[in-house]
Amino acid sequence: MSSSLWRNTHESNRYTKYGSPDVLELKEVEKPTLKDNEVLIKIHAASVNAYDWHFLTADIFLIRLMGGGLLKPKYTRLGADVAGRVEAVGRNVKQFQPDDEVFGDISHGGFAEYGYAPDNRLALKPANLSFEEAAAVPMAALTALQGLRDEGQIHPGQKVLINGASGGVGTFAVQIAKSFGAEVTAVCSPRNLDQVRSIGADHVIDYTKENFTKNGQQYDLILAANGYHPLSAYKRALTPKGIYVMAGGSMAQIFQAMLMSSWMSETGGKKMGGVSAKIDQKDLGLIKELIEASKVKPVIDKRYSLNEVPEALRYLGAGHARGKVIITVV
Ligand SMILES: NC(=O)c1ccc[n+]([C@@H]2O[C@H](COP(=O)([O-])OP(=O)(O)OC[C@H]3O[C@@H](n4cnc5c(N)ncnc54)[C@H](OP(=O)(O)O)[C@@H]3O)[C@@H](O)[C@H]2O)c1
């Protein structure tokens, strides 16, 4: 590749129709021109989220109705979570400068050598993390933080249960709930029991052996990151003023929370609801502080290269990732 070509183009995973990971193509494309409030990032690492899977496959029909593109994808780039080095900044960007190490959620376009986003979607990378570790953080940790703190109103000493504790959101949720001083029960399969204990879970439940909604225990807060239980079962497992927060899981779990949770909340003091994570620079900063204070550490499962993004998506899409799946770019 000639040096002028290198300066003006970069490799990026693109797709033009919804489908399996096979529809993705690694293409040589022009480097973007920045708007005044945007930052160009030389991406060192990205991480894969269910969000990317949904935008790739449109398996949730709402993706098409809510801005993803009705018949074909509106966004042709994938990859939300990134970490890298600032290459250039738009003229109104004051908080970052070239060479700064940053991480954040750019929404689309992270599975590439370069990505860009408004500056308020980024924060300085935690000093004690590698780029790969930092790329694991944004979406999953924000979901866990906002689910526990904003929707779940978590307090020290509360009994908190995380269902789906071994995945991307769950591994952050266990650690963030502990950092709030909660007593945490993690629900996962037997192969992940040691992992969730090692990140601080006080109690573990193997979902293949025990149904936590039927064992008589009750929790002040339940974060449902994965799996499925009927809302009525979750409600039974809550203390009288307990709160249920749905972050994700099976389609049935997601639809029930969307359609029935407010109705369920009206019957008694228990609250049933969901979290929809928002990119928030202040929250990214808070998570950076938790990481730098060694209260939270990303759990990384597998690493793939830029031309293995389809494989990485297939692995995540199978639903059994243990922590985060990383795309190593540099
Ligand atoms: N609301 C939001 O804003 C938001 C943001 C991000 C993600 N999400 C959603 O949150 C969900 C979780 O995301 P994620 O990144 O954590 O996914 P993930 O990393 O793909 O989750 C995989 C993990 O889930 C566990 N799991 C699978 N079936 C389970 C079951 N029946 N019970 C308990 N654990 C089970 C798997 O462990 P085993 O293989 O051992 O079972 C695996 O460790 C997804 O549905 C995603 O769409 C929502």
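Counting convention: from 1, in listed order, for ligands and their atoms alike.
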Distance from [atom] to nearest protein heavy atom, with residue and atom:
atom                    : value
atom 21 (O) of ligand 1 : Asn226 ND2, 2.9 Å
atom 9 (C) of ligand 1  : Ala247 O, 3.5 Å
atom 45 (O) of ligand 1 : Gly249 N, 3.0 Å
atom 25 (C) of ligand 1 : Ser166 OG, 4.0 Å
atom 41 (O) of ligand 1 : Tyr207 OH, 2.4 Å
atom 40 (O) of ligand 1 : Ser189 OG, 2.3 Å
atom 6 (C) of ligand 1  : Thr143 OG1, 3.4 Å
atom 19 (O) of ligand 1 : Gly168 N, 2.8 Å

Run down the list [options] and name the one with the heavy atom closest to [atom].
atom                    : options                        : answer
atom 34 (N) of ligand 1 : Gly164, Gly317, Gly319, Gly248 : Gly164
atom 30 (C) of ligand 1 : Gly227, Ala144, Ala80          : Gly227
atom 13 (O) of ligand 1 : Val169, Ile254, Val245, Leu316 : Val169
atom 42 (C) of ligand 1 : Ala318, Ala321, Gly167         : Ala321

Is the terminal nitrogen or CZ of Lys31 (NZ for Lys, CZ for Arg) located under 6.0 angstrom from the six-membered ring centre of Tyr114 and within 45° of that ring's axis? yes
Tell me whether Lys271 forms a cation-pi arrangement with Tyr244, defined as NZ or CZ under 6.0 Å from the six-membered ring centre and within 45 degrees of its axis. no
Side chain or backbone of [X] under 4.0 Å from ligand 1, or both, or neither, by non-hydrogen atoms?
X      : answer
Ser276 : backbone
Lys324 : neither
Ala50  : side chain

Measuring from non-hydrogen atoms of [X] to any atom of ligand 1, is the shortest distance under 4.0 Å?
X      : result
Val275 : yes
His54  : yes
Ala225 : yes

Beyond-backbone contact of [X] with [Y], side-chain heavy atoms, under 4.5 angstrom:
X      : Y      : value
Leu161 : Asn163 : yes
Ser265 : Lys270 : no
Val160 : Leu223 : no
Lys295 : Lys178 : no

Does any N or O of ligand 1 fall below 3.5 Å from an N or O anywhere on Ala277, backbone included? yes
Considering only residues two or more places apart or on different chains, which pairs with a residue in residues 309-330 satisfy ring pair (Phe, Tyr, Trp, His ring centres under 6.0 Å)? none
Does any pair with a residue in residues 65-92 pass ring pair (Phe, Tyr, Trp, His ring centres under 6.0 Å), and if so which ones, sequence neighbours excluded? Tyr75-His108
Could you list which atoms of ligand 1 come closer than 4.0 Å to a heavy atom of His320? 38 (P), 39 (O), 41 (O), 42 (C)
Flag yes if Val296 and Leu142 sit in one hydrophobic cluster, no otherwise; membership is Ile, Leu, Val, Met, Phe, Trp, Tyr, and two members link when side-chain heavy atoms are under 4.5 Å apart. yes
Indicate, with yes or no, if Val309 and Ile43 share a hydrophobic cluster defined by side-chain heavy-atom contacts under 4.5 Å among Ile, Leu, Val, Met, Phe, Trp and Tyr. yes
Start with the C-alpha gap between Lys241 and Asp220, add the side-chain angles, then the distance that decides, and say whether salt bridge (Lys or Arg N to Asp or Glu O under 4.0 Å) holds. CA-CA 7 Å; Lys241 299 249 178 254; Asp220 302 303; over 6 Å; no
Under 3.5 Å, is there a donor-acceptor pair linking the side chains of Glu132 and Thr328? yes
